[in-house]
Amino acid sequence: MRANLSDRLLQHYVDKCRALPWRSPPGSPPPDSYRVWLSEVMLQQTTVAAVTPRFERFLARWPTVEALAAALDEDVLAEWAGLGYYARARNLIACAREVAARGGFPTTEAGLRALPGIGDYTAAAIAAIAFGAHAVVIDANVERVTCRLFALAAPTRGDLRAAVASITPAERAGDFAQAMMDLGATICRPRAPLCDSCPLRDDCRAFASGNPERFPAPKAKAAKPVRHGVAQWIERDGAIWLVRRPTKGLLGGMAALPGPVWTAERQANAPELARVRHVFTHFALELAVVAAADPVGEGWWQPFDTLADAGLPTLYRRAVDAVLTERGRIAA
DNA sequence: AAATCGTGGTG
DNA sequence: TCACCAAGATT
């Protein structure tokens with residue numbers, strides 16, 4: 001029965017075969033390793049819908065790993081703006097330069113795992129998808145589907161890996177992994193799974209239990225404190241003063257509005273031009289935008305008509321939008 | 001090894 | 001509206 005599981009899953013996947021730009025149809029020759037790597041890094045903690053258009057833009061601008069390795073850091077970061085988790089972009093640059101210097105991607109899981117920005121999941125995924133390796137690929141989708149198949153509430157990493165390995169076929173591990181992830185994204189969803197449409201329903205112990213959503217057990221939720229920040233609006237001759245954030249930490253290396261470090265308490269400040277609330281992974285930020293006269297420190301004048309090219313992360317893009325919207329309202 | 005690191009979509 | 005969470009990696 002288990003021998004049929006991967007076959008049925010793959011057949012279901014082939015029948016649907018969502019047209020993703022970075023993959024070729026199941027069973028066809030492995031796609032280009034650069035495209036697989038780029039898409040997998042972009043997809044870390046990021047939805048297919050969000051990645052798809054950004055992947056196309058990125059690939060058109062830097063078609064090869066050598067081209068990406070030769071790019072300016074600031075250009076890559078600007079192209080990444082809005083995608084979040086900017087350490088990925090910094091690691092992407094470092095990885096591209098290592099790969100270009102060594103003349104290509106490593107073809108083994110261990111070799112890939114040693115590159116910056118490539119962890120357990122991404123190494124296994126690239127090895128399986130791009131190089132046909134028999135790798136055990138585990139992302140959040142694979143974990144959820146597997147936990148439900150075997151009715152595992154909170155397995156250890158070793159037990160989970162053993163369970164995934166037990167259903168990974170000897171051939172086409174890459175197609176199998178993509179089929180599992182697609183199933184997890186579209187049918188075996190975290191909430192309200194569509195068990196009636198599932199090709200694995202008859203194998204699923206969670207379905208048999210009558211309450212598949214119990215598997216895996218939900219993880220503990222951390223409280224999300226509010227922090228407060230001030231951003232300075234410094235405008236001159238149709239341009240605005242931008243700075244670059246420190247390379248480490250939140251929004252590291254990204255373009256930004258200048259301003260002091262964010263604090264737990266709200267700071268007394270000048271009249272606000274606008275205010276935005278932005279939710280990060282582990283805290284929410286109340287950012288007040290205030291007018292200031294003269295630029296301080298390192299930075300540059302960014303003309304308003306090229307602001308879209310500045311590569312502002314979403315927080316600051318929204319802050320700028322809020323000021324311009326408020327200004328338009330007053331003018332009207 | 002628990003904390004850190006973005007953003008947008010959805011049930 | 002809002003809690004949840006996504007093709008995780010790093011330190």
Side-chain angles (χ1 to χ4, degrees), chain A residues 13 18 20-23 31 35-55 77 80-92 94-95 112-130 135-145 156-157 164 174-186 188-194 213 216-225 227 245-254 256 262 276-285 287 311-318:
Chain A
Y13 187 52
R18 289 199 299 164
L20 304 183
W22 49 81
R23 59 179 296 280
R35 298 169 59 112
V36 175
W37 164 71
L38 179 59
S39 64
E40 289 298 340
V41 173
M42 278 192 174
L43 286 163
Q44 288 166 3
Q45 295 290 282
T46 309
T47 59
V48 168
V51 164
T52 298
R54 307 301 301 269
F55 174 80
L77 289 173
W80 200 274
L83 271 176
Y85 284 151
Y86 298 98
R88 292 184 296 168
R90 288 178 256 131
N91 286 330
L92 195 82
C95 184
L112 291 160
R113 180 65 180 80
L115 291 168
I118 298 184
D120 289 340
Y121 161 76
T122 305
I126 298 173
I129 296 169
V136 178
V137 182
I138 304 177
D139 81 321
N141 290 297
V142 175
E143 177 176 358
R144 183 175 57 257
V145 172
T156 66
R157 282 179 42 175
V164 176
D175 287 338
F176 174 78
Q178 292 176 88
M180 286 282 280
M181 293 189 280
D182 192 68
L183 186 79
T186 60
C188 197
R189 306 181 297 195
R191 288 176 291 178
L194 307 175
E213 284 191 59
K219 322 225 174 198
K221 44 183 190 308
K224 198 166 284 195
R227 292 186 196 168
R245 291 176 61 88
T247 51
K248 292 184 178 178
L250 192 76
L251 307 177
M254 299 301 290
W262 306 333
V276 294
R277 179 185 179 85
H278 191 75
V279 180
F280 293 104
T281 301
H282 56 291
F283 67 94
L285 178 70
L287 184 69
L312 285 176
T314 299
L315 166 67
Y316 293 111
R317 184 180 55 71
R318 292 215 296 136

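The analysis underlying the following values was restricted to heavy atoms, covering all of them including side chains, and did not include hydrogens, waters or symmetry mates. So you know, we letter chains A, B, ... as the sequences are listed, proteins then strands, and number each from 1.
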For a quick test of reading the model: is some side-chain N or O of [X] closer than 4.0 Å to OP1 or OP2 of [N]?
{"X": "A:His278", "N": "B:dG6", "result": "no"}
{"X": "A:Arg189", "N": "B:dG11", "result": "yes"}
{"X": "A:Thr46", "N": "B:dT7", "result": "no"}

Could you check A:Arg88 against A:Arg191 and say which one's nearest nucleotide on DNA chain B is further toward the 5' end?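 Comparing both residues, the 5'-ward one is A:Arg88.
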Given DNA chain B, 5'-ward residue of the pair A:Leu83 and A:Ala192, judged by closest heavy atom: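 On the 5' side of the pair lies A:Leu83.
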In residues 311-318 of chain A, which residues come under 4.0 Å of DNA chain B by heavy atom? A:Pro313, A:Thr314, A:Leu315, A:Arg317
Heavy atoms under 4.0 Å, any strand shown: does A:Arg90 hit a base, just sugar-phosphate, or nothing?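 The answer is nothing, as A:Arg90 stays clear of every strand by at least 4.0 Å.
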What is the nucleic acid contact for A:Ala125, judged by heavy atoms within less than 4.0 Å: base, sugar-phosphate only, or nothing? nothing
Hey, which sits more toward the 5' end of DNA chain C by its nearest nucleotide, A:Lys219 or A:Ala140? A:Lys219
Roughly how far apart, to the nearest Å, are B:dG6 and C:dA6 at atom C1'? 12 Å
Between C:dA7 and B:dA3 - P atom distance, rounded Å: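 25 Å, rounded to whole Å.
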A:Glu40 CD to C:dA6 P, straight-line distance once rounded to whole Å: 15 Å
